[in-house]
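Keep in mind it's a predicted model, so treat the numbers as computed, not measured. Whatever order the structure lists ligands and atoms in, that order sets their numbers, starting from 1.
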Amino acid sequence: MAEQAVLADPNAPWGERMGTPDRVIVGIFVGIPFVAVIASIVVLWGWGVTWRDLVIGAVMYVVTGHGITIGYHRLFTHKSFKANRPLKIGLAVAGTMAIEGDVMTWAADHRRHHQYSDQPGDPHSPWRFGRSVPALVKGMVWAHVGWTFNNEKTNQQRYVPDLLADRDLQRVAAWQPAIVLFSLLAPAVVGGLWGAGAWDGGAAWSAFFWAGLVRIGLLHHVTWSINSICHLAGSHPFRSRDRSGNVWWLAPISGGESWHNLHHADPTSARHGALRGQIDSSARLIWLFERLGWAHDVRWPNEQRLAARKAT
Ligand SMILES: [Zn+2]
Ligand SMILES: [Zn+2]
């Protein structure tokens, strides 16, 4: 358990401090999938990968990735639409399966990121250490993954009182260990049972590796690329008070989150890729949920809002 810090100021952006056991847990869940991604390159040249692993991995990537982008980010952090209860719970579970922490922790860090974006107080700005090349290299590593080990946690009472008060989200957070285990083991079970009349242990291991570990590692690094790459590079068609940029090549694999310049210019918009031709699968799915009657009060961008935010 994290040691409790006595807060002199209840409105401080940071909350309790992260203890060593918590950092070890972060290290395991950040490190092992990442090692798997690196190892996968070696393995690929050695034994290859089956198409079943790729299908299971792709399905898991799409479900968990959109759990983060639609659920954790656009719904719970920014309230860019309202969801009915089954959709809300489904998105919270899908996001938890991405193994990026519970929704309260994620949303608290992210609301703080928007409040202080690229200023002191931002939990993960690549500009933290200065503008020289060595400072930016250090800042990139920090913004990408280093910050996840920071012992200065975000004050949840200040940033996410609405989420803390939601009993469904509390319940999903309490089930986090089981949901994480499911996210890791479900691919193995599907892989082991797929096609064969009997249990195939080799196929189960293969699916566990590719659709479990490698898929989680890839999604982690795509999510973190929004914090690192999209605050350092990209185009700036809209006015925002930070360094957020649009990075087109990350859009298909990040569920449209890399249209990050528009997102900082208009954070509650349900669609980040708001310009013609900008791929945003998360916005497409929200549109579908709206059609199905599962989502309502969606904050779609309109011409006036976009025009008002255009860079001059
Ligand atoms: Zn940002
Ligand atoms: Zn955001």
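Between the side chain of Asn246 and the backbone N or O of His260 there is at least one donor-acceptor pair closer than 3.5 Å.
Residue His263 does not count as close to the Zn ion (ligand 1), with no N, O or S atom under 2.8 Å. Metal site remark for the Zn ion (ligand 1): Cys230 contributes no N, O or S atom at a distance under 2.8 Å.
Note: angle at the Zn ion (ligand 2), from NE2 of His73 to NE2 of His78, is 100° (rounded to 10 degrees). The NE2 atom of His260, the Zn ion (ligand 1) and the NE2 atom of His264 define an angle of 100° (nearest 10 degrees).
Within 6.0 Å of CZ on Phe182 lie no more than 12 heavy atoms contributed by other residues, nucleotides or ligands.
When you scan the N, O or S atoms of His114 for the one nearest the Zn ion (ligand 2), you land on NE2. Checked against the Zn ion (ligand 2), the N, O or S atom of His110 at the shortest distance is NE2. Restricting His113 to its N, O or S atoms, the one at the least distance from the Zn ion (ligand 1) is NE2.
Taking the six-membered ring where tryptophan is involved, the planes of His113 and His110 are tilted, since the angle between them lies from 30° to 60°. Aromatic ring pairs are classed by plane angle as parallel below 30°, tilted from 30° to 60° and perpendicular above 60°; the pair His263 and His73 is perpendicular.
Checking each of Leu163, Asp162, Asp168, Leu164 against Asp166 for a side-chain contact (heavy atoms from CB on, under 4.5 Å) leaves exactly one that passes, namely Asp168.
His231 has its ring centre less than 6.0 Å from the ring centre of His264.
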